[in-house]
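For reference, the structure discussed in these notes is given below.
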Amino acid sequence: MVGERIESEATAALEDPATESFMAHRNLLFTVAYEILGSAADAEDVLQETWLRWSGVELSTVLDERAYLVRIASRQALTRLRTLGRRRESYVGSWLPEPLLTTPDVAEDVELADSVSTAMLLVLETLSPTERAVFVLREVFDLPYDEIAQAVGKSLAAVRQIAHRAKGHVAERRPRGITDPADARHALDAFQHAVETGDLQALIDILSPDVVLVGDGGGIKQAIPNPVRGADRVARILDAGLRRTPQTVTVTPVQANGFPALLIHFDQELDAVLTLRIDNGLVSALYVVRNPEKLSRLTEPTPVTR
């Protein structure tokens, strides 16, 4: 993997100042790229490209290494996002961000958890590539406008306008409210119990009346082709999907993208990750990723930071 190659190079050059600086900011750079792209695999590629460019920089000319590295990573991510946008137009079924296992401290950082949440990443998908990069760099990582202008190749005045437009766009579409961690755990436990016992009414009771279910199979695995809304419809689809399989189903609670999630195993093989959005003690959104190409980072938590 790209990450392993970078770490191998770092081990071989521990006393190299460029390597030390890059590794010190690696988690930050990954988070920047992931929030711009919504794909961990592509974020890792951006890290490799960032490292190649950083390794050729004369460090004595760099005043702020963190800012310089973020600019490189942002440029590479923006270039890649423009290419990915064309690919996603031909994606089979609904597209969901690649899920990441995250540690409990991410959930405790409300702003960080919100910024990497599946719900927020889907909102960011509605922005243009430049709007998305500007919003992430300004609203999540609090970069000055002049640094953002250098990263995206726009004038300072243009960046200010783009930031204002993107912020308003996101504000209209972002999830509302903050869920108490205790309420989230209670809702997750109730949801898991209903799924494991096949209690359809209990499943309906824990779902918000206007809950939405989104599935991503990538054309590789079967998934609902379009989002489904309503507690009764969503509950029956989930119940039918789990009952239909003759395999042994195992459900494991985890934290994914800063929010409660369940890993679904069929006969001990990972089949899906189901991420929950919980509002007012009820499940308001369910995101089910079955595309095997997006399930490679679910064995251990991925460090993300601001």
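From a predicted model like this one, the values you see are computed outputs, not experimental measurements.
- Checking R173 against H169 by side-chain atom types alone, a donor-acceptor pair falls below 3.5 Å.
- With 3.5 Å as the limit, one finds a donor-acceptor pair spanning the side chains of R82 and T130.
- Remark: of the listed residues D205, L262, L282, L262 is the sole one forming a side chain to side chain contact (heavy atoms under 4.5 Å, CB included) with F191.
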**Study point:** Trace of the side chain to side chain contact (heavy atoms under 4.5 Å, CB included) decision for W54 with L59
**Key:** CA-CA 9 Å; W54 174 247; L59 296 189; 3.4 Å; yes
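- Atom CG in L81 sits 8.5 Å away from atom OG1 in T83 (nearest 0.5 Å).
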Check your understanding: Run the side chain to side chain contact (heavy atoms under 4.5 Å, CB included) check on V116 and L100 step by step: do they pass?
Key -> CA-CA 9 Å; V116 299; L100 303 175; over 6 Å; no
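- Of the possible polar contacts, none joining the D279 side chain to the S284 backbone as a donor-acceptor pair under 3.5 Å is found.
- Of the options L298, I264, T252, a side chain to side chain contact (heavy atoms under 4.5 Å, CB included) to L270 is made by L298 and by none of the others.
- For V251 against P253, the heavy-atom pair with the smallest separation is O-CD, 4.0 Å.
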Practice item. Output, in order, the C-alpha distance, side-chain angles, deciding distance and verdict of side chain to side chain contact (heavy atoms under 4.5 Å, CB included) for N27 and V304. Key: CA-CA 6 Å; N27 293 344; V304 292; over 6 Å; no
**Study point:** Audit row: L101, T302, side chain to side chain contact (heavy atoms under 4.5 Å, CB included) steps and yes/no
**Key:** CA-CA 6 Å; L101 288 189; T302 297; 5.9 Å; no
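- Between the NE2 atom of H193 and the CG atom of L188 there is a distance of 13.0 Å, given to the nearest 0.5 Å.
- For the pair R277 and T118, the minimum side-chain heavy-atom distance is 4.5 Å or more.
- V212 and L203 are members of different hydrophobic clusters when ILVMFWY side chains are connected at heavy-atom separations under 4.5 Å.
- Between the side chain of T61 and the backbone N or O of E58 there is at least one donor-acceptor pair closer than 3.5 Å.
- Under the 4.5 Å side-chain heavy-atom criterion for grouping Ile, Leu, Val, Met, Phe, Trp and Tyr, V288 is not connected to L96 through any hydrophobic cluster.
- Salt-bridge check for E125 with R132: passed, with a basic side-chain N closer than 4.0 Å to an acidic carboxylate O.
- Linking ILVMFWY side-chain heavy atoms closer than 4.5 Å, directly or via other members, places I204 and I224 in two distinct hydrophobic clusters.
- No path of Ile, Leu, Val, Met, Phe, Trp and Tyr side chains, each step under 4.5 Å between heavy atoms, connects V214 with V211, placing them in separate hydrophobic clusters.
- Of all the heavy atoms in G281 and A187, the pair that sits closest is O-CB, 3.7 Å.
- E196 CD: more than 12 foreign heavy atoms inside a 6.0 Å radius.
- For the residue pair Q255 / T102, no side-chain donor-acceptor distance below 3.5 Å is found, with atom types taken as modelled.
- Put simply, the side chain of L295 reaches to within 4.5 Å of the side chain of V273, judged on heavy atoms.
- The distance from the CG atom of N226 to the OG atom of S94 is 6.0 Å, given to the nearest 0.5 Å.
- Between the side chains of D146 and Q150, no donor-acceptor pair of N or O atoms lies under 3.5 Å.
- Side chain to side chain, S115 and E35 meet the donor-acceptor criterion of an N or O pair below 3.5 Å.
- Using a cutoff of 4.0 Å between basic side-chain nitrogens and carboxylate oxygens, R185 and D189 are not scored as salt-bridged.
- When the shell of 6.0 Å around NZ of K154 is examined, it contains 12 or fewer heavy atoms from other residues, nucleotides or ligands.
- Between V70 and L29, some side-chain heavy-atom pair lies under the 4.5 Å cut-off.
- A distance-only check finds a donor-acceptor pair linking the side chain of S55 to the backbone of W51 [under 3.5 Å].
- When side chains are defined from C-beta on, S208 does not count as touching V283, because their heavy atoms never get closer than 4.5 Å.
- The aromatic rings of W95 and Y91 sit perpendicular, their planes meeting at an angle over 60°, well past the 30° parallel limit.
- Residues V254 and L121 are members of separate hydrophobic clusters, defined by side-chain heavy-atom contacts under 4.5 angstrom among Ile, Leu, Val, Met, Phe, Trp and Tyr.
- Here the closest heavy-atom approach between residue L78 and residue A133 is recorded as CD1-CB, 4.1 Å.
- Side-chain contact between R236 and L200 is present, with at least one heavy-atom pair separated by less than 4.5 Å.
- Shown here for V234 and L213, the closest heavy-atom pair between the two residues is CG2-CB, 3.8 Å.
- Here the side chain of K294 pairs no donor or acceptor atom with the backbone of G217 at under 3.5 angstrom.
- Between F135 and L127 the shortest side-chain heavy-atom distance falls below 4.5 Å.
- Salt bridge present: R297 and E44 bring a charged side-chain N and a carboxylate O closer than 4.0 Å.
- In this structure, the separation between CD on E111 and CE on M120 is 10.5 Å, given to the nearest 0.5 Å.
- Once rounded to the nearest 0.5 Å, the distance linking CD of E65 with NE2 of H25 reads 7.0 Å.
- Contact annotation: the side chain of H265 never approaches that of V249 to less than 4.5 Å [non-hydrogen atoms, C-beta and beyond].
- Of all heavy-atom pairs between F30 and P303, the closest is CD2-O, 4.2 Å.
- In this structure, E131 contributes its side chain and A166 its backbone to no donor-acceptor pair below 3.5 Å.
- Taking both residues in full, the closest heavy atoms of Y34 and P97 are given as OH-CB, 4.4 Å, listed atom of the first, atom of the second, then distance.
- For D210 and R229, the salt-bridge test fails: no basic side-chain N is under 4.0 Å from an acidic carboxylate O.
- Ion pairing between a basic and an acidic side chain is recognised when a charged N comes within 4.0 Å of a carboxylate O; R290 and D271 show such pairing.
- Here the straight-line distance linking atom CG of L122 with atom OH of Y287 works out to 5.5 Å at 0.5 Å rounding.
- Considering V32, L28, D109, T31 as possible partners of R306, the one that fulfils the side chain to side chain contact (heavy atoms under 4.5 Å, CB included) test is D109.
- Residues L47 and R26 form a side-chain contact, since some pair of their non-hydrogen atoms from C-beta on lies under 4.5 Å apart.
- Ionic pairing of D114 and R174 is present here: one or more N-O contacts between side-chain nitrogen and carboxylate oxygen are shorter than 4.0 angstrom.
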